[in-house]
Amino acid sequence: DGSVSAGLKVSIIDIECFDSRAVNNLTVQIRTLLNSLNEGARLQFYLNIDSDFKDILSKHEGQLVDSAPEIIKELSWSRFKKLSQQAENHELYRPQLYVFLTLKAKEQSAFPFFKKEADFVAVKLEKYNSTIEELGQQLDSLRSSFISAGLQTSVLSREELVKVAYCHLN
């Protein structure tokens, strides 16, 4: 259907200790963010919670050295075993918030049926480029809104976007 999408990885903040004024302020900022989107833009929020800490734990295990004082070795090994056990029992978790922005291609008036193929391709390419440009502008606006609300963002690469979508669907 000519839709194009982009994604952001958004940092998560803990509002548990916020007072009501801070919560209301964040709510207003998020409402403003949503109202600033162009008509026809679609946002999807995907919260992934995993407990995969293999990389961090293997780095931690690699830092355990035999030349360290005995008390340091015991503390480090004890901490490593405890963290490994917590990760296995899914007591540790890592929430990751992804926001996907999708724009549908702009509708265009009917294209004459008997025109040259090159003319048809040029119109399609122009329409596609226009949609991509609008997506970039909307994504920049979305990022700025998240940052002003105190949330750090990073734009997902094509590979990351496909990986997150694949993990979500499977």
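Throughout, numbering of the chain's residues begins at 1 and tracks the sequence.
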* **Rounded distance [0.5 Å steps], CG in L101 versus OG in S5** => 7.5 Å

* Sequence-distant partners of N89, side-chain contact (heavy atoms from CB on, under 4.5 Å), two or more places apart -> Q85, E91

* Beyond-backbone contact of I13 with L26, side-chain heavy atoms, under 4.5 angstrom -> yes

* Members besides V28 in its Ile/Leu/Val/Met/Phe/Trp/Tyr cluster (side-chain heavy atoms under 4.5 Å) -> none

* To do: Any chance you could lay out the side-chain contact (heavy atoms from CB on, under 4.5 Å) test for L142 and Q138, step after step, and finish with the verdict?
  => CA-CA 6 Å; L142 192 60; Q138 283 287 293; over 6 Å; no

* Asked: If you look only at pairs with a residue in residues 71-86, which of them pass as a salt bridge (charged side-chain N to carboxylate O under 4.0 Å, His left out), with sequence neighbours excluded?
  -> E70-K73

* In terms of ring plane angle, is the pair F80 and H60 parallel, tilted or perpendicular, where the classes change at 30° and 60°? -> parallel

* **Heavy-atom side-chain contact between I56 and L83 under 4.5 Å** => no

* Euclidean distance, T153 OG1 relative to K9 NZ, rounded to 0.5 Å -> 12.0 Å

* Straight-line distance of L33 CG to S141 OG, nearest 0.5 Å -> 7.5 Å

* **Common cluster, L34/L97, ILVMFWY with side-chain heavy-atom separation under 4.5 Å** => yes

* Does atom CZ of F45 have more than 12 heavy-atom neighbours from other groups under 6.0 Å away? -> yes

* Asked: For atom CZ of R94, is the number of surrounding heavy atoms from other residues, nucleotides or ligands below 6.0 Å larger than 12?
  -> yes

* In chain order, what residues pass the side-chain contact (heavy atoms from CB on, under 4.5 Å) check against V164, with sequence neighbours excluded? -> Y46, Y98, F100

* Asked: Is I147 reachable from L43 through a run of hydrophobic residues whose side-chain heavy atoms are each under 4.5 Å from the next?
  -> no

* Report the residues that fulfil ring pair (Phe, Tyr, Trp, His ring centres under 6.0 Å) with Y93, sequence neighbours left out, ordered by chain and then residue number. => none

* Structure fact -> CD1 (I12) and CD1 (I49) are apart, to the nearest 0.5 Å, by 7.5 Å

* Asked: Can you find a heavy atom in the side chain of F146 that is under 4.5 Å from one in the side chain of Q152?
  -> no

* To do: Give the other cluster members for L75, using side-chain heavy-atom distances under 4.5 Å between Ile, Leu, Val, Met, Phe, Trp and Tyr residues; answer none if it is isolated.
  => I71, I72

* **Shortest non-hydrogen separation from T131 to K104 and the atoms involved** => CG2-O, 4.1 Å

* same_hphob_cluster(Y128, L161) at 4.5 Å side-chain heavy-atom cutoff -> no

* Taking all atoms of both residues into account, what is the closest heavy-atom pair of L92 and A87, and its distance? -> CD1-N, 4.1 Å

* Once you round to the nearest 0.5 Å, how far does CG of D19 lie from CG of N25? -> 10.0 Å

* Asked: Under a 4.5 Å side-chain heavy-atom rule over Ile, Leu, Val, Met, Phe, Trp and Tyr, are V99 and L156 clustered together?
  -> no

* How far does CD of Q29 sit from CG of N24, to the nearest 0.5 angstrom? -> 11.5 Å

